There are 2 protein chains.
Amino acid sequence: MGSVPTLSDVARKAGVSLATVDRVINGRPNVKARTTERVRAAMAELDYRPDPLAAGLARRKRYRFVYLLPVGTNAFMMDLANQIGGMSNWLSSNRASAETVFADVFEPGTLARAIDEIDRAVDGAAIIALDHPEVRAAVDRLVGDGVPVVTLISDAPASRRSRFIGIDNPSAGRSAGALMGRFSGGRTGSVAVLVGSLSLRDHVDRCFGFSQAIEREFPRLKILPVRETRDDRSLAQRETVELLQANDDLVGLYNAGGGNVGVAKAICAINGHNRPVVIAHELTPRSIEALKDGSYDAVLAQNPGHEARSAARILLASANGTSVIEEQERIRIDIFIRENLPA
Amino acid sequence: MGSVPTLSDVARKAGVSLATVDRVINGRPNVKARTTERVRAAMAELDYRPDPLAAGLARRKRYRFVYLLPVGTNAFMMDLANQIGGMSNWLSSNRASAETVFADVFEPGTLARAIDEIDRAVDGAAIIALDHPEVRAAVDRLVGDGVPVVTLISDAPASRRSRFIGIDNPSAGRSAGALMGRFSGGRTGSVAVLVGSLSLRDHVDRCFGFSQAIEREFPRLKILPVRETRDDRSLAQRETVELLQANDDLVGLYNAGGGNVGVAKAICAINGHNRPVVIAHELTPRSIEALKDGSYDAVLAQNPGHEARSAARILLASANGTSVIEEQERIRIDIFIRENLPA
DNA sequence: CTGAAAGCGCTTACAG
DNA sequence: CTGAAAGCGCTTACAG
């Protein structure tokens with residue numbers, strides 16, 4: 001009738017008990033094939049859909065998830081950690097909770113060890129990974145031990161993680177290249193590229209996309225050899241200053257890594273008229289300020305709140321057998337200029 | 001110990017029955033002040049948090065929401081309607097459902113009547129509104145009848161709606177202006193602006209922001225008188241063609257309204273080298289194609305899936321007394337160029 | 001003003 | 001291989 005069919009309706013229609021229907025729905029063993037079929041038929045006929053909220057209540061299980069983040073004071077990662085904290089009410093009203101652990105992500109061995117140390121009793125893990133055999137192996141061990149894993153922001157593509165939650169970095173690099181070309185208004189000269197490390201997949205992918213876009217569409221721009229900053233603000237500042245001094249034809253600077261505090265400081269120090277076009281990554285207090293005061297021209301970003309929540313929704317869905325709205329879990333490459341900064 | 005306190009724990013600690021605790025939690029009448037206090041104290045001491053899922057189950061109530069959208073074949077609105085459909089599983093697993101009704105939004109009287117016709121038994125309404133006294137009055141009547149209302153995409157600011165879910169249109173216009181200025185690479189000339197209608201707040205707000213940005217930062221660009229397309233593709237095409245013919249110094253075109261099918265067609269028809277910089281709104285099949293083939297340079301967008309879900313979450317929260325993650329409900333102004341188009 | 005009891009739609013031992 | 005019964009954490013009449 002009007003009202004939604006329940007387990008009891010199915011049981012009655014199939015002429016079996018609640019427990020049996022429960023067994024077939026949840027794929028538990030010990031049901032005769034013919035019985036299974038009768039139940040399936042009844043479910044289909046009634047268009048029965050289990051109520052995940054009631055199931056959660058009855059299961060009296062609470063789900064525990066863990067997020068593995070890099071140590072350090074990186075503004076973006078701190079933002080991410082805050083966003084995870086901000087979900088705690090939502091999680092607990094879904095009988096779940098999240099714990100955050102920190103590890104040195106730059107060193108594969110250390111990261112692998114941190115992954116190995118994750119409590120095998122958790123119901124899911126979101127890991128900021130590294131594309132490295134040791135890390136992949138550690139992820140695979142964790143998955144092998146029955147813990148669903150998603151990678152966050154930085155992927156370990158060949159591993160057994162169920163998903164990667166993050167942006168398409170080559171596309172982000174191409175976007176940076178296209179903006180660089182168009183913002184530099186026809187000028188000819190060189191363009192500098194900074195990364196945290198050339199052994200970080202995401203940074204390298206961004207470089208790759210950037211070069212591709214520049215070479216194909218803006219041959220008037222010449223890309224200088226890439227420099228590494230280790231995402232360190234002082235190092236980033238020093239590199240930027242050197243770059244500015246060594247290249248009087250510098251038209252643009254693309255910071256594909258972290259260290260915006262240092263980069264912005266170096267840019268701010270020079271005369272407004274000679275400033276290169278600067279494009280960087282992630283919305284942080286310093287990069288926002290740089291967009292506002294004109295030292296940065298554009299910032300490419302991924303939304304850490306979205307990523308944190310997406311990981312939680314996906315892990316929760318895999319824990320309690322609910323489903324996910326695919327469209328909602330696609331992480332976009334956000335482009336920010338001064339004018340569309342969030343209020 | 002470890003486990004989360006429940007209603008029974010509170011009842012036991014306060015020395016009252018479950019029903020009484022329920023009364024104070026949900027603010028129902030008929031509880032002696034002293035009893036209320038005892039219960040409050042017990043809740044505080046145990047750090048009790050009600051379980052909304054269990055409450056939902058016990059309440060045996062299903063929530064009904066209605067979305068009021070404009071009639072017509074507008075690609076963006078169709079996308080929005082699809083996104084609403086795509087939430088049905090999520091809604092039903094939250095004991096809720098959404099129904100979509102269509103009305104002529106361009107005509108205030110008709111829209112007001114459609115609002116008046118909304119079933120007063122629904123638990124919430126999301127309305128694509130219009131900033132007009134008649135519409136405001138109709139929204140206020142609906143709210144007065146006890147139906148929570150959010151406005152979607154287009155606001156009725158002075159009304160009693162609880163929120164507006166959409167973008168900051170003046171900022172979107174400013175963003176368009178900034179991109180227009182930077183993408184036009186120093187050229188001097190005129191810039192055309194198209195809107196659906198000058199009596200639509202969002203379109204006008206975009207124009208306003210656009211003019212502001214151009215006049216302040218790119219005085220080399222002269223803005224032509226705004227033209228109306230009624231968001232109609234043939235009209236939009238005709239206006240674009242005329243604009244191109246009448247202004248041989250045309251540097252850019254900003255379409256702040258709909259009708260991208262017509263605009264893109266007109267742009268495609270002209271020689272690549274003489275093309276103006278074109279910036280438009282919303283990701284639709286045609287605008288995506290135009291970005292890919294180079295006839296459009298940038299598209300500003302709001303994410304209809306995000307907006308549909310945000311409305312649902314907010315209405316659901318107000319219906320069942322749960323809370324919302326504010327950060328998640330902020331609708332961003334997306335900037336798309338060819339390179340960061342979603343896959 | 002307060003409480004005992006039934007029930008929401010499931011799952012979980014346990015008995016057979 | 002199957003079912004009866006208790007229980008998850010709440011709310012809702014109903015009785016007092």
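A, B, ... follow the sequence lines: proteins, then strands. Residue 1 opens every chain. This one's a predicted model, so the numbers in the text were calculated from it and none came from an experiment.
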Chemist: For DNA chain C, just give me the dot-bracket, please: Watson-Crick or G-U, both distances below 3.5 Å, ( ) intra-strand, [ ] crossing earlier pairs, | paired with another strand, . unpaired.
Modeler: |||.||||||||.|||

Chemist: Give the rounded distance in Å between these two atoms: CG of A:Asn30 and C1' of D:dG3.
Modeler: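 It works out to 13 Å between those atoms.
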
Chemist: Could you name each residue pair satisfying side chain to side chain donor-acceptor pair (under 3.5 Å) that touches residues 311-326 of chain A, not counting sequence neighbours?
Modeler: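 Residue pairs passing side chain to side chain donor-acceptor pair (under 3.5 Å), neighbours aside: A:Arg163-A:Glu326, A:Arg313-A:Glu329, A:Asn320-A:Thr322.
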
Chemist: Kindly indicate whether the side chain of A:Asp334, heavy atoms from C-beta on, has any atom under 4.5 Å from the side chain of B:Asp334.
Modeler: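 A:Asp334 vs B:Asp334: side chains touch.
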
Chemist: Expected output is a numbered-order residue list: members of residues 38-63 of chain A with a heavy atom under 4.0 Å from any atom of DNA chain D. What is it?
Modeler: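 The stretch gives A:Leu57, A:Ala58, A:Arg60 as the residues lying under 4.0 Å from the strand, ordered by number.
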
Chemist: Listing request: all side chain to side chain donor-acceptor pair (under 3.5 Å) pairs with a residue in residues 135-160 of chain B, at least two apart in sequence or in separate chains.
Modeler: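 Qualifying pairs: B:Asp116-B:Arg141, B:Arg120-B:Asp145, B:Thr151-B:Asp155, B:Asp155-B:Arg161.
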
Chemist: Of all residues at least two apart in sequence or in a different chain, which pass the side-chain contact (heavy atoms from CB on, under 4.5 Å) check with B:Asp119?
Modeler: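 B:Asp119: side-chain contact (heavy atoms from CB on, under 4.5 Å) contacts with B:Arg64, B:Ala121, B:Val122.
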
Chemist: Check whether any side-chain N or O of B:Thr20 sits under 4.0 Å from OP1 or OP2 of C:dG3, and answer yes or no.
Modeler: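 For B:Thr20, the contact criterion (side-chain N or O under 4.0 Å from OP1 or OP2 of C:dG3) is met.
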
Chemist: Filter on side chain to side chain donor-acceptor pair (under 3.5 Å), then keep only pairs touching residues 93-103 of chain A, sequence neighbours left out; what's left?
Modeler: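 Listed by first then second residue: A:Arg95-B:Asp51.
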
Chemist: Look at all strands and tell whether B:Arg95 reaches a base, only sugar-phosphate, or nothing, counting heavy atoms closer than 4.0 Å.
Modeler: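 Counting heavy atoms under 4.0 Å across all strands, no contact is made by B:Arg95.
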
Chemist: With A:Arg28, which residues qualify under side chain to side chain donor-acceptor pair (under 3.5 Å), at least two apart?
Modeler: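 Checked A:Arg28 against side chain to side chain donor-acceptor pair (under 3.5 Å); matches are A:Asp22.
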
Chemist: Let's see if you can work this out: which of C:dG3, D:dA4, D:dT2 has an atom nearest to the side-chain heavy atoms of A:Ala19?
Modeler: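 Nearest to the side chain of A:Ala19 among the choices is D:dA4.
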
Chemist: Got a sec, which residues hit side chain to side chain donor-acceptor pair (under 3.5 Å) with B:Gln328, two or more places apart in sequence or on another chain?
Modeler: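 Side chain to side chain donor-acceptor pair (under 3.5 Å) check on B:Gln328 returns nothing, list empty.
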
Chemist: Nearest whole Å is fine: how far is C:dC1 C1' from B:Glu37 CD?
Modeler: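 Those two atoms, CD and C1', are 16 Å apart.
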
Chemist: Can you check the A:Leu18 CG to D:dT2 P distance for me, whole Å?
Modeler: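 For the pair A:Leu18 CG and D:dT2 P, the rounded distance is 15 Å.
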
Chemist: Do the non-hydrogen side-chain atoms of A:Ile153 and A:Leu80 ever get within less than 4.5 Å of each other?
Modeler: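 With C-beta onward as the side chain, the pair touches.
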
Chemist: Taking for each residue the nucleotide of DNA chain C bearing the nearest heavy atom, is the 5' side occupied by B:Val31 or by A:Asn26?
Modeler: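 By nearest-heavy-atom nucleotide position, the 5'-most residue is B:Val31.
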
Chemist: Please list every donor-acceptor pair under 3.5 Å in which a side-chain atom of residues 31-48 of chain B meets a protein atom from a residue at least two apart or in another chain.
Modeler:
from: B:Thr36; atom 1: OG1; to: B:Lys32; atom 2: O; distance (Å): 3.1
from: B:Arg38; atom 1: NE; to: B:Ala14; atom 2: O; distance (Å): 3.1
from: B:Arg38; atom 1: NH2; to: B:Ala14; atom 2: O; distance (Å): 3.3

Chemist: Does D:dT2 have its OP1 or OP2 closer than 4.0 Å to a side-chain nitrogen or oxygen of A:Thr35?
Modeler: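 True: A:Thr35 side-chain N/O within range (under 4.0 Å) of D:dT2 OP1/OP2.
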
Chemist: Roughly, in whole Å, what's the span from CZ in A:Arg23 to C1' in C:dA13?
Modeler: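 Rounded to the whole Å, the gap is 10 Å.
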
Chemist: Can you list, in residue-number order, the parts of residues 6-14 of chain A that come under 4.0 Å of DNA chain C, counting heavy atoms only?
Modeler: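 Contacting residues: A:Thr6, A:Leu7.
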
Chemist: With salt bridge (charged side-chain N to carboxylate O under 4.0 Å, His left out) as the rule and sequence neighbours excluded, what pairs involving residues 68-91 of chain B come up?
Modeler: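 Every pair satisfying salt bridge (charged side-chain N to carboxylate O under 4.0 Å, His left out) with a residue in residues 68-91 of chain B: there are none.
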
Chemist: Would you please name every residue forming a side-chain contact (heavy atoms from CB on, under 4.5 Å) with A:Ser88, sequence neighbours left out?
Modeler: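 A:Ser88 satisfies side-chain contact (heavy atoms from CB on, under 4.5 Å) with no residue once adjacent residues are dropped.
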
